[in-house]
Amino acid sequence: QVQLVESGGGLVQAGGSLRLSCAASGRTFSSYAMGWFRQAPGKEREFVAAISWSGGSTYYADSVKGRFTISRDNAKNTVYLQMNSLKPEDTAVYYCAADSFAGVSTKDFGSWGQGTQVTVSS
């Protein structure tokens, strides 16, 4: 399994931007599809975005499409989530995940990071 560590969370005003990073350990990072999920208090963890192992395919939840961008740098073993035009409803703990194929369900990913808090104030 791959170990994942997220960073880049914080407090931002509505309309602002943040970039989350997820650093992965191991030499096989480039063979993993990667995903970002989020979980708000009292809610289930939900899909945000995913990217194939090559970066050639990306997937987004409708709620973030056009505002968030997922990307990866296989040379740095890192996946990113650029978040623009943030809204208070984007407030959540954001988790990075990895598995063999990109999916849109938590069941599609077997490795998870510890999460990073994103808070958007109105």
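Remember, predicted model here, so these are calculated numbers, not experimental data. Just the heavy atoms: all of them, side chains too, but no hydrogens, waters or symmetry mates, feed the values below. Nothing fancy with the numbering, it's 1 onward along the sequence.
Ser25 places a side-chain N or O within 3.5 Å of a backbone atom of Gln3 that can act as its donor or acceptor partner. Counting only distance, with no hydrogens or angles, the side chain of Thr91 and the backbone of Thr119 share no donor-acceptor pair below 3.5 Å. With hydrogens and angles disregarded, no donor-acceptor distance shorter than 3.5 Å links the side chain of Asp99 to the backbone of Phe101.
Partners of Lys107 according to the side chain to side chain donor-acceptor pair (under 3.5 Å) rule, which considers only residues two or more places apart in sequence or in another chain, do not exist here. Residues forming a salt bridge (Lys or Arg N to Asp or Glu O under 4.0 Å) with Lys43 (at least two apart in sequence, or on another chain): none. With sequence neighbours excluded, the residues that form a side chain to side chain contact (heavy atoms under 4.5 Å, CB included) with Ser121 are Leu11, Gln13. In this structure, the salt bridge (Lys or Arg N to Asp or Glu O under 4.0 Å) partners of Glu46, at least two apart in sequence or on a different chain, are Arg38. Looking at residues two or more places apart in sequence or on another chain, you find no ring-ring contact (aromatic ring centres under 6.0 Å, His included) involving Trp53. In terms of the salt bridge (Lys or Arg N to Asp or Glu O under 4.0 Å) criterion, residue partners of Arg67 (sequence neighbours excluded) are, by chain and number, Asp90. For the side chain to side chain contact (heavy atoms under 4.5 Å, CB included) test, residues two or more places apart in sequence or in another chain that qualify with Gln114 are Val5, Glu6. A search for side chain to side chain donor-acceptor pair (under 3.5 Å) contacts involving Ser100 returns nothing, not counting sequence neighbours.
Of all non-hydrogen atoms in Thr28 and Ser31, the two that sit nearest each other are O-OG, 2.6 Å. A pairwise comparison of heavy atoms in Ser122 and Ala14 identifies CA-CB, 4.4 Å as the closest pair.
Within the model, atoms OG of Ser54 and CZ of Arg72 stand 8.0 Å from one another, a figure rounded to the nearest 0.5 Å.
With side-chain heavy atoms closer than 4.5 Å counting as contact, directly or through intermediates, the hydrophobic cluster containing Phe37 also holds Phe47, Tyr59, Val93, Tyr95, Val104, Phe109, Trp112. Taking a 4.5 Å side-chain heavy-atom cut-off between Ile, Leu, Val, Met, Phe, Trp and Tyr, the cluster of Phe29 extends to Val2, Leu4, Val12, Leu18, Leu20, Tyr32, Met34, Trp36, Val48, Ile51, Tyr60, Val64, Phe68, Ile70, Val79, Leu81, Met83, Leu86, Tyr94, Val118, Val120.
For the disulfide (SG to SG under 2.5 Å) condition, the pairs that include at least one residue of residues 56-122, sequence neighbours left out, are Cys22-Cys96. Sorted by first and then second residue, the pairs that involve residues 77-86 and meet side chain to side chain donor-acceptor pair (under 3.5 Å), not counting sequence neighbours, are Ser17-Asn84, Gln82-Asn84.
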